[in-house]
2 protein chains.
Amino acid sequence: MTAKATSRQPAPVDQSYLLGLLGYNCLQAYLKIIPQVKKQLKRVQLRPVEFTVLAVIADNPDINQKRLGETINVSPPNLATLLDRMQADGLLTRQRNPNDKRSQILALTLPGKQRYEKARAGVADLDRPASLSPDEHDQLIHLLQKVFL
Amino acid sequence: MTAKATSRQPAPVDQSYLLGLLGYNCLQAYLKIIPQVKKQLKRVQLRPVEFTVLAVIADNPDINQKRLGETINVSPPNLATLLDRMQADGLLTRQRNPNDKRSQILALTLPGKQRYEKARAGVADLDRPASLSPDEHDQLIHLLQKVFL
DNA sequence: TATTGTTATACTCTATAACTATA
DNA sequence: TATAGTTATAGAGTATAACAATA
């Protein structure tokens with residue numbers, strides 16, 4: 001269901017070397033999946049990284065910026081400006097930890113929670129490629145997590 | 001071998017929802033792998049996308065820009081400037097196809113081939129996480145390719 | 001002194017529109 | 001009219017250094 005329908009397919013591109021590299025495969029799979037996710041999230045005015053932030057705060061009330069940033073791989077400077085924007089957008093609050101006034105405690109506002117729930121509904125089962133059986137999907141995720149967890 | 005050695009681990013961050021999303025897993029695995037690859041490639045003055053370009057041209061002599069860009073997921077405008085740079089760097093040549101003067105035929109120069117071989121040596125078996133057995137590594141790549149091929 | 005977070009800034013990467021030349 | 005590639009440009013993402021406040 002790709003180039004098959006066109007008149008005459010040229011010799012396929014030889015990617016044999018690259019296809020043996022795990023990093024290349026991870027990136028290409030990600031690039032295949034992400035456009036649809038982006039499109040759905042755009043409907044609720046969220047970018048992927050913002051959705052990720054909402055998800056982590058939703059499941060980890062009162063998490064601080066350091067742990068959030070480490071978890072989702074966003075550096076402190078970039079996280080600061082990202083959270084500035086999301087806070088201005090009314091999605092979350094930041095308050096200093098009384099026990100350690102250096103750290104900021106993050107929490108979702110009601111609109112933040114609502115936007116997150118709406119986003120989740122749109123994303124649900126969206127990144128399940130039809131080419132994978134449920135078992136393969138689970139197995140793939142399991143193996144990926146052995147890489148980065 | 002992560003936070004285990006530190007004095008006292010805080011409750012781990014709950015990522016249960018995100019960890020069920022295939023796209024998130026692909027990205028995090030990629031982010032885990034890519035820094036070492038980047039570091040190795042930097043030694044031969046290449047960025048990942050440049051290494052990818054060299055690899056595709058090396059295995060597909062006389063490929064044109066359209067097919068290269070489709071294969072590695074780089075848009076025509078971005079590919080044009082990327083190839084400008086690589087050509088100026090002496091890594092490859094572009095010549096118009098006599099049979100269709102719109103398209104550019106790409107080829108590696110000798111320095112391009114040499115740089116590519118050097119890069120390959122540095123990258124070899126670099127993106128094989130110790131946490132995966134050889135079988136798991138192969139299985140993971142197989143499943144990823146079911147997603148994007 | 002070390003840690004948390006911020007500001008400023010530069011650099012890279014990606015996306016879009018308008019264009020040239022060839023077909 | 002359609003296609004291959006280019007140019008220009010804007011936007012998003014990422015990286016680095018210097019800083020303030022707190023511990």
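Since the structure is predicted, the reported quantities are computational estimates derived from the model, not experimental observations. By convention in this document, chain letters (A, B, ...) are assigned in the order of the sequence lines, proteins followed by strands, and residues within each chain are numbered from 1. Just so you know, these numbers use all the heavy atoms, side chains as well, and skip hydrogens, waters and symmetry mates.
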*What's the CD-P distance between B/Q104 and D/dT7, to the nearest Å?*
10 Å
*Would you mind reading off the distance between A/N64 atom CG and C/dG5 atom C1', rounded to a whole angstrom?*
10 Å
*asked:* Rounded to whole Å, how long is the line connecting atom CG of A/L31 with atom C1' of C/dA15?
replied: 14 Å
_How would you summarise protein contacts on nucleotides 15-23 of chain D per nucleotide, using B for base, S for sugar-phosphate only and - for none, with heavy-atom distances below 4.0 Å?_
BBB----BS
_Hydrophobic cluster membership, A/I105 vs A/L54, 4.5 Å side-chain cutoff_ = no
_Side-chain N or O of A/R94 closer than 4.0 Å to phosphate OP1/OP2 of C/dT6_ = yes
Which pairs would a plain distance check flag for residues 117-126 of chain B, meaning a side-chain donor or acceptor within less than 3.5 Å of a matching protein atom at least two apart in sequence or in another chain?
{"unit_1": "B/R120", "atom_1": "NH1", "unit_2": "B/Y116", "atom_2": "OH", "d": "3.2"}

_If I take atom CG in residue B/L82 and atom P in nucleotide D/dA4, what distance separates them, rounded to the nearest angstrom?_
19 Å
*Pair B/R94-B/D84, salt bridge (charged side-chain N to carboxylate O under 4.0 Å, His left out): steps then yes or no*: CA-CA 9 Å; B/R94 282 192 273 195; B/D84 282 349; 2.3 Å; yes
*For B/V74 and for A/K66, locate the closest nucleotide of DNA chain C by heavy-atom distance; then report the residue assigned to the nucleotide nearer the 5' terminus.*
A/K66
*Write down the distance between CG (B/L79) and P (C/dT12), rounded to a whole number of angstrom.*
18 Å
*Could you tell me whether the side chain of B/N64 and the main chain of B/R67 form a donor-acceptor pair under 3.5 Å?*
yes
*Backbone N or O of A/D14 within a donor-acceptor pair of the B/N60 side chain at under 3.5 Å?*
yes
*In whole Å, what is the span from the CD atom of A/Q95 to the P atom of C/dT4?*
18 Å
*Side chains of B/L106 and B/Q65: closer than 4.5 Å at any heavy-atom pair?*
yes
*Figure out the NZ/P separation between A/K42 and D/dG11, and round it to whole Å.*
12 Å
*Neighbour count above 12 (heavy atom, 6.0 Å) for A/Q95 CD*: no
*DNA chain D: B/I105 or A/N73, which has the more 5' nearest nucleotide?*
B/I105
*When the distance from CD of B/Q65 to P of D/dA4 is rounded to whole Å, what number comes out?*
11 Å
